[in-house]
2 protein chains.
Amino acid sequence: MSDNTMVHKRTGTKEKILKVSKALFSEYGYKGTSVRKIASNVGIRESAIYNHYMNKEEIFLEVAKDMFSSPFSFNDGEIRESAMKGKAFLHKFAMQYKLLTFDKYNESMFRILLIELLQNKDIREQFMNEFHNKNIKVLSEGFFIMMQNTLIRSSDPMIMSYEFLSTLFYIRLQITLMRYDSISTTSLSTQFEKHVDFFWESIKS
Amino acid sequence: MSDNTMVHKRTGTKEKILKVSKALFSEYGYKGTSVRKIASNVGIRESAIYNHYMNKEEIFLEVAKDMFSSPFSFNDGEIRESAMKGKAFLHKFAMQYKLLTFDKYNESMFRILLIELLQNKDIREQFMNEFHNKNIKVLSEGFFIMMQNTLIRSSDPMIMSYEFLSTLFYIRLQITLMRYDSISTTSLSTQFEKHVDFFWESIKS
DNA sequence: ATTATATATGAACACTTGTTAATTTAAACT
DNA sequence: AGTTTAAATTAACAAGTGTTCATATATAAT
């Protein structure tokens, strides 16, 4: 009963470390957050951290996992149903993306994760699998269904998804950067909607 | 004859520092490149660096400036002429972008600059002005001319440019990441062309 | 030759970093 | 109660950081 999976359940320190780390990493980034600072915010010494995690990176990777694994809320059946509505499907997808973009925690974490994305292979893999591929898959399914029902022109669903997703990403990046500098994003706030409008005009049959 | 602009011309050390820094920053990044390492590669002590640059950041900013200021080679007259050809204009633009993406130095530097983009306000401004705005401007002019000549459907040229540029950026990001991990990019190598094809189908009248 | 200036040096400052080792405290199981 | 094990502590390591300061050298202009 006390094997590898179910030990360490006496103090709840591990959970506290994760919670504190989330807050600190999202605010100060990976390099800006020291093990000492995590420890002191938890209320223990830095050496005690190593009773729960192998090293700093392991903590960060677990924080990142939580971030990427918050997926877009589309159940399997829901995709088909939603895709039949055509433009509304794209709109819903974009609005979910917009929500993430303007959410306080996701906003900071997006910036931090991008930094690490460019330096940490594990983060890159998480990004590719959990973000890129997963989204391309959902979108492709949607577009495929739309094509079947001749709501949109016939084309490669993967390419179409790529085109749709890439612009969402770029908008998010730009908004994130501007908000980080406290620059007003009112001029960009409707960019998501404009993207959907433009894109729909581009593909509708 | 010896005012602020034309002093410091005895040893050429400043130029050497810049050259060495370019190589080091592009390989090891900002934080991975210490002032001591730059100095030793130049062949001087770290303290001598400060006779030429105020601090480490000033060196990096100058390296970055060089990077961003390598603009797309479109002269004013050339845009009009090229835009009249419609799709070929987009193709040329995308191919220039592709060239940059697969150029050894630009490839490393793109990654490094993205990292700093997310942390350094000056880099962000350089990116917005020299990269984003400049490209949106060139593209907008092109699209505007195409619309005048009814080569493409009528729409907001700025939005259209945004849509076109954002995908190029995303492709570049993805290729950069994959090549950094030595993952084969053959599946993505024609993505630029596919983008142009898809986009042209989306806007042609 | 003397002065002025640019450029270099060596040494130090003041501080932070992730991680480990030996040891003690505290809780749970027998 | 005693034993086992988890979890915490104190202390140190070994290294690297950007930057500054007083000083020395070399070059160009006077």
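Chain identifiers are assigned alphabetically (A, B, ...) following the order of the sequence lines, protein sequences preceding nucleic acid strands; residue numbering begins at 1 within each chain. Note that the structure is a prediction, hence the values are computed from the model and not measured.
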Using whole Å, what does the distance between atom P of nucleotide D/dA7 and atom OH of A/Tyr53 come to?
12 Å
Closest to side chain of B/Val35, choosing from C/dT19, D/dT20, D/dG18:
D/dG18
Here the distance between atom C1' of C/dA21 and atom CD of A/Glu46, to the nearest Å, is 13 Å
Base, sugar-phosphate, or nothing: which does B/Ser34 touch, judged by heavy atoms less than 4.0 Å apart?
sugar-phosphate
Starting at CG of A/Asn51 and ending at P of C/dT19, how long is that distance when rounded to a whole Å?
14 Å
Whole-Å distance between D/dT19 P and B/Ile59 CD1?
9 Å
Look at the side chain of A/His52 and decide which nucleotide, out of C/dA8, D/dT20, D/dA7, has an atom nearest to it.
D/dA7
Please check: side-chain N/O of A/Arg36 versus main-chain N/O of A/Glu46, any donor-acceptor pairing under 3.5 Å?
no
Does atom CE of A/Met178 have more than 12 heavy-atom neighbours, drawn from other residues, nucleotides or ligands, at distances under 6.0 Å?
yes
d(CD1, A/Ile38; C1', C/dT17) in whole Å
13 Å
For A/Gly32 and for A/Met54, locate the closest nucleotide of DNA chain C by heavy-atom distance; then report the residue assigned to the nucleotide nearer the 5' terminus.
A/Gly32
Under 4.0 Å, counting only non-hydrogen atoms across every strand here, what does B/Arg45 touch: a base, just sugar-phosphate, or nothing?
sugar-phosphate
Could you state the atom-to-atom distance from CD1 of A/Ile44 to P of C/dA26 in whole Å?
16 Å
Just the rounded figure in Å: distance from P of C/dA21 to OH of A/Tyr50.
12 Å
In whole angstrom, give the distance that lies between atom CZ of A/Arg36 and atom P of D/dC13.
14 Å
Can you check whether A/Asp122's main-chain N or O pairs, donor with acceptor, with A/Asn120's side chain at less than 3.5 Å?
yes
Report the C-alpha separation of B/Ser21 and B/Phe60 in whole Å, then their side-chain angles, then the decisive distance to 0.1 Å, and conclude whether the side-chain contact (heavy atoms from CB on, under 4.5 Å) test is met.
CA-CA 8 Å; B/Ser21 299; B/Phe60 184 74; over 6 Å; no
Distance below 4.0 Å between B/Thr13 side-chain N/O and C/dA8 OP1 or OP2
yes
Tell me if the side-chain of A/Ser47 makes a donor-acceptor pair with the base of C/dT19, cut-off 3.5 Å, by modelled atom types.
no
Would you find a donor on one side and an acceptor on the other, under 3.5 Å apart, between the side chain of A/Ser161 and the backbone of A/Ser140?
yes
Checking contacts here: which listed nucleotide (D/dT20, C/dA21, D/dG18) is nearest the side-chain heavy atoms of B/Lys56?
D/dG18
